[in-house]
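Quick caveat: nothing in here was measured; it's all calculated off a predicted structure. Lettering of chains follows the sequences in order, A, B, ..., and the numbering in each one begins at 1.
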2 protein chains.
Amino acid sequence: MEEYIKALKSLSEQTRIRILALLHQTREVCVSDIVNALEESQYKVSRHLKVLQDAGMVKGSKKGRWIYYQLDENQVRFQKMLLEAVKDISSDIINNDLERLQKRLGKDLNNFCKNGKTEIYQESYQEQ
Amino acid sequence: MEEYIKALKSLSEQTRIRILALLHQTREVCVSDIVNALEESQYKVSRHLKVLQDAGMVKGSKKGRWIYYQLDENQVRFQKMLLEAVKDISSDIINNDLERLQKRLGKDLNNFCKNGKTEIYQESYQEQ
DNA sequence: ATAATATATGCGAAGCAACGCATACGTTAA
DNA sequence: TTAACGTATGCGTTGCTTCGCATATATTAT
């Protein structure tokens with residue numbers, strides 16, 4: 001039962017739902033792209049990613065100095081169903097997040113962090 | 001977004017999952033049947049029912065001095081999907097709850113509280 | 001080696017959720 | 001109309017989550 005509750009808990013928070021919305025739209029994203037899209041602090045995003053990962057919802061893989069997160073594809077039926085439900089969530093906040101992500105990654109959402117995006121990240125981050 | 005999160009939060013707690021498991025098995029149950037099945041305090045069950053109700057997962061209807069709870073049938077797609085996922089949750093705790101409920105209501109799970117069950121409730125409650 | 005970049009984490013503070021107790025409210029029975 | 005029963009709730013306490021800051025770790029660039 002504990003594991004089920006953990007999965008559900010991981011979904012009961014706005015920032016985490018926003019992150020999942022991004023991951024539903026793109027194959028994988030690195031942390032700084034999420035930070036940029038959500039306009040939230042790096043440590044906040046990082047912490048929430050950890051919660052999602054511990055709950056088996058997403059998984060991160062290190063590539064160079066970046067860590068790319070994606071929906072964990074080895075999910076059991078329960079998690080799959082939950083993520084399917086979460087896909088239904090819509091809101092202005094999420095739309096704005098997606099818009100910023102798209103702007104940053106370019107039209108192709110399967111782009112990567114490392115494609116010269118770092119500069120852009122710096123700029124927008126320091127604007128805040 | 002708030003409403004979605006509220007629904008998800010309502011599912012992220014053990015007692016509430018246990019209550020939903022009961023409601024998935026039977027059409028409607030009154031509070032004291034739940035109290036008896038879960039072997040938890042009346043106020044605790046009552047509080048959790050309120051959370052589930054506020055989240056639109058269950059609804060209670062008063063009949064005489066009892067209040068019968070059932071899964072809210074006017075749910076939107078999101079809630080339906082969540083409940084469908086929650087159905088998948090299995091555990092010994094839940095099995096024991098169901099067993100006690102069955103024992104109390106008799107074979108027919110569509111039985112009602114008021115069918116002389118009150119006495120039984122009193123006995124088992126005071127045993128604790 | 002040193003600096004810069006990307007991400008994670010220890011820690012204390014603030015906020016929120018669950019608990020237990022006592023009690024209130026509403027309904028039926030006596 | 002009083003008593004008993006079924007359910008809900010106000011309140012203070014405890015425990016868990018989230019937050020923000022500062023800092024640590026790891027990787028790449030200089």
Original post:
Per the salt bridge (charged side-chain N to carboxylate O under 4.0 Å, His left out) rule, which among B:Glu13, B:Glu40, B:Glu39 passes with B:Arg18?
Top reply: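 So the option named by the test is B:Glu40.
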Calculate the interatomic distance between [X] atom [atom1] and [N] atom [atom2]; express it in whole Å.
{"X": "B:Glu40", "N": "C:dC21", "atom1": "CD", "atom2": "P", "answer": "13 Å"}
{"X": "B:Gln53", "N": "D:dT9", "atom1": "CD", "atom2": "C1'", "answer": "14 Å"}
{"X": "B:Ile67", "N": "C:dG26", "atom1": "CD1", "atom2": "P", "answer": "11 Å"}
{"X": "A:Leu52", "N": "C:dA8", "atom1": "CG", "atom2": "P", "answer": "12 Å"}
{"X": "A:Gln42", "N": "D:dA22", "atom1": "CD", "atom2": "C1'", "answer": "12 Å"}
{"X": "A:Ile34", "N": "C:dA6", "atom1": "CD1", "atom2": "P", "answer": "14 Å"}

Original post:
In degrees rounded to 10°, what angle is found between the helical axes fit to the five outermost pairs at each end of the helix from C:dA1-D:dT30 to C:dA30-D:dT1?
Top reply: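 Its terminal axes enclose an angle near 10°.
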Original post:
Any Lys/Arg nitrogen of A:Lys6 or A:Asp54 sitting under 4.0 Å from an Asp/Glu carboxylate oxygen of the other?
Top reply: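 Between A:Asp54 and A:Lys6 there is no salt bridge, as every charged N stays at least 4.0 Å from the carboxylate O atoms.
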Subject >> Salt-bridge present (A:Glu28, A:Lys63; N to O < 4.0 Å) >> reply: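 Salt bridge present between A:Glu28 and A:Lys63.
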Subject >> N/O (side chain, B:Ser32) to phosphate O (OP1/OP2, D:dT7) under 4.0 Å >> reply: yes
Tabulate protein N/O versus nucleotide N/O from nucleotides 25-30 of chain D, keeping only pairs under 3.5 Å, one per line.
unit_1	atom_1	unit_2	atom_2	d
D:dA26	O3'	A:Lys62	NZ	3.3

**OP:** For each nucleotide in nucleotides 10-18 of chain D, reading 5' to 3', give B when a protein heavy atom comes within less than 4.0 Å of its base, S when such contact involves only the sugar-phosphate, and - otherwise.
**Re:** BB-----SS
Subject >> Donor-acceptor contact below 3.5 Å, side chain A:Gln42 vs main chain A:Ser32 >> reply: no
